Amino acid sequence: MIPYTRHYIDEDDIAEVVKTLRSAWLTQGQRPEEFEEQLAGYCGASYAVVFNSGTAALHGAYFAAALGRGDEVITTPITFAATANAVLYLGAEPVFADIEPDTGNIDPAAVESLITTKTRLIASVDYAGHPANCIAIHKIAAKHGLTIVEDACHALGAMYLADGNWRRTGESIYSHMSVFSFHPAKSITTGEGGAVLTNNKALYNKLRLFRQHGITKSIEAFHYPPDGDWYYEQQALGYNYRMTDFQAALGISQLKKLDHFIERRREIAAFYDDTFRGNPYFDIPVERDYAKSAYHLYPIRLKDRDKKKLAFSRLREKGIGVQCHYIPVYNHPYYRTRYKAQCPNADDFYQRQISIPIYPAMAQKDTQIVSDKIREVFEEMDNYGTK
Ligand SMILES: *Cc1c(COP(=O)(O)O)cnc(C)c1O
């Protein structure tokens with residue numbers, strides 16, 4: 001089976017992890033901070049705080065934004081459930097805004113129409129690695145005094161055009177915080193891992209506090225005079241969300257290859273674009289003029305949505321590891337009882353969308369196999385019907 005995604009690990013990565021395993025610090029050493037500095041440097045943000053997953057990083061970002069009971073967060077249903085789950089962790093309520101039918105990203109106009117007196121935050125998602133329309137979202141948020149958390153878990157290495165300059169996702173100019181994941185499916189991996197990037201010192205301090213049980217050892221931050229040299233304070237209810245040193249070591253090594261990874265992803269996307277442009281069976285992903293996608297996914301959208309089930313299973317039978325991104329979050333049983341479907345574009349997108357294999361280590365011969373099998377499956381369905 002050619003998977004829809006796969007991590008890329010080389011001997012340099014392995015050596016870096018082994019070096020850290022042989023060091024005095026498996027956790028709470030220098031490597032997470034080193035990774036944070038490099039990540040912030042790469043993206044052009046002032047601060048990065050690494051976490052032990054992207055989900056923990058989202059939880060941290062929402063906590064730092066002081067989200068709580070009674071607050072509403074406007075987000076997209078076409079995302080991994082964690083974007084909305086972490087809102088619920090803090091007792092706040094997700095509100096689902098509809099998407100743009102072509103990019104699959106949250107529609108700024110839909111966001112604005114859902115703002116109430118309870119709205120506190122907008123959680124946008126850079127679906128498939130294509131930056132959401134962050135400038136339009138930023139305008140809306142500024143007008144209504146809302147915080148923006150950009151779930152950029154798909155989009156490390158993506159870029160967008162603002163005022164004539166190409167900027168990196170994660171620079172956090174049009175959002176208060178940007179969140180990344182380092183799950184093996186994402187741009188770079190630490191096994192499990194995540195990060196929040198920000199330019200705001202106060203948010204940075206809250207993120208660090210939250211990651212470590214709500215505990216601080218920093219004298220300047222103490223509420224009370226220290227009892228002695230052992231003194232530290234728990235000032236909030238935090239979690240143990242730390243990344244280990246050997247995971248950070250892997251992240252440091254992976255980050256060096258990020259530009260090559262994105263280049264290869266974009267090369268594969270260009271090959272698929274050329275192969276499939278104008279075909280009668282499905283639409284290829286769009287890339288807006290303002291965006292350079294990280295192509296975390298290559299989502300195709302079938303013209304005939306009744307063919308999705310059969311096309312999907314036939315592709316799997318032929319060894320093509322297709323996936324679906326995503327079941328709209330409000331359709332999951334956990335959400336279904338509380339949220340009714342209210343996003344026709346998202347529902348339609350779900351019924352047409354299939355992710356086909358794309359990852360940096362993918363050989364050219366495999367992209368050719370994938371293209372051939374896809375053509376075969378759709379032509380067979382055309383010739384012999386869908387029974
Ligand atoms: C992967 C992902 C997450 C969660 O990240 P983990 O590291 O798996 O916890 C959150 N949001 C989106 C959009 C993701 O793709």
Side-chain angles (χ1 to χ4, degrees), residues 3-7 32 35 39 48-63 73-90 94 96-97 99 103-106 121-132 134 137 148-158 169-170 175 177-197 207 210-211 239-244 247-248 250-251 254-255 261 265 293-299 323-330 332 335 346 349-350 353 355 358-359:
Y4 86 91
T5 187
R6 194 181 192 291
H7 58 267
F35 184 31
L39 202 56
V49 180
V50 293
F51 284 80
N52 59 14
S53 73
T55 303
L58 276 168
H59 192 185
Y62 294 151
F63 169 86
V73 172
I74 300 177
T75 190
T76 165
I78 298 297
T79 184
F80 184 58
T83 317
N85 288 347
V87 171
L88 292 171
Y89 294 166
L90 290 159
F96 296 103
I99 59 163
T103 63
N105 275 326
I106 198 166
L121 193 145
I122 300 168
S124 61
V125 173
D126 301 324
Y127 175 77
H130 186 298
C134 57
I137 292 167
I148 304 169
V149 170
E150 179 179 357
D151 180 342
C153 285
H154 294 184
L156 179 59
T169 297
S175 66
M177 288 172 273
S178 313
V179 177
F180 293 125
S181 163
F182 310 122
H183 180 277
K186 309 299 165 70
S187 297
I188 62 169
T189 189
T190 60
E192 297 281 0
V196 183
L197 273 68
L207 290 161
F210 187 71
R211 177 180 60 180
Y239 291 75
N240 179 355
Y241 276 164
R242 290 187 303 262
M243 175 182 280
T244 66
Q247 287 175 301
L250 182 54
Q254 287 263 300
L255 190 58
F261 288 168
R265 283 179 181 276
S293 175
Y295 283 104
H296 164 60
L297 304 172
Y298 191 89
Q323 250 314 347
C324 168
H325 295 96
Y326 291 94
I327 299 167
V329 175
Y330 51 66
H332 286 295
Y335 281 87
F349 191 87
Y350 164 62
Q353 190 276 342
S355 300
I358 188 166
Y359 48 94

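Just so you know, ligand 1 is whichever comes first in the structure, and atom 1 is the first atom listed for that ligand. What you see is a predicted model, and the numbers here were worked out from it, not measured in a lab.
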Calculate, to the nearest 0.5 Å, the distance between atoms OG1 and OH belonging to Thr79 and Tyr127 respectively. 10.0 Å
At what distance, to the nearest 0.5 angstrom, does CG of Leu121 lie from CE of Met177? 7.0 Å
Is there a polar contact, in the sense of an N or O pair closer than 3.5 Å, between [X] and ligand 1?
| X | result |
| --- | --- |
| Cys153 | no |
| Ser181 | yes |
| Thr55 | yes |

Heavy-atom nearest pair, Leu39 first then Leu156, reads CD1-CD2, 4.5 Å
Identify the heavy atoms of Asp126 and Pro131 that sit nearest to each other, and give their distance. OD1-CA, 3.5 Å
Mind checking whether His296 contacts ligand 1 via backbone (N, CA, C, O), side chain (CB onward), both or neither, at a 4.0 Å heavy-atom cut-off? neither
Just let me know how Tyr326 lines up against ligand 1, side chain, backbone, both or neither, with a heavy-atom cut-off below 4.0 Å. side chain
Shortest reach to atom 12 (C) of ligand 1 by a heavy atom, considering only Leu297, Asp151, Leu58: Asp151
Restricting to heavy atoms, the pick from His59, His325, Glu192, Lys186 nearest atom 2 (C) of ligand 1 would be Lys186
Numbered atoms and elements of ligand 1 in range of [X], under 4.0 angstrom, heavy atoms:
| X | value |
| --- | --- |
| His154 | 13 (C), 14 (C), 15 (O) |
| Thr83 | 11 (N) |
| Gly54 | 5 (O), 6 (P), 7 (O), 9 (O) |
| Thr79 | 13 (C) |
| Gly193 | 7 (O) |

Test item: Tyr239 side-chain N/O and Gly60 main-chain N/O as donor-acceptor pair under 3.5 Å: no
Donor on one side chain, acceptor on other, Thr103 and His130, under 3.5 Å: no
Would the His59 and Phe210 ring centres measure less than 6.0 Å apart? yes
Is the distance between the ring centroids of Phe35 and Phe182 under 6.0 Å? yes
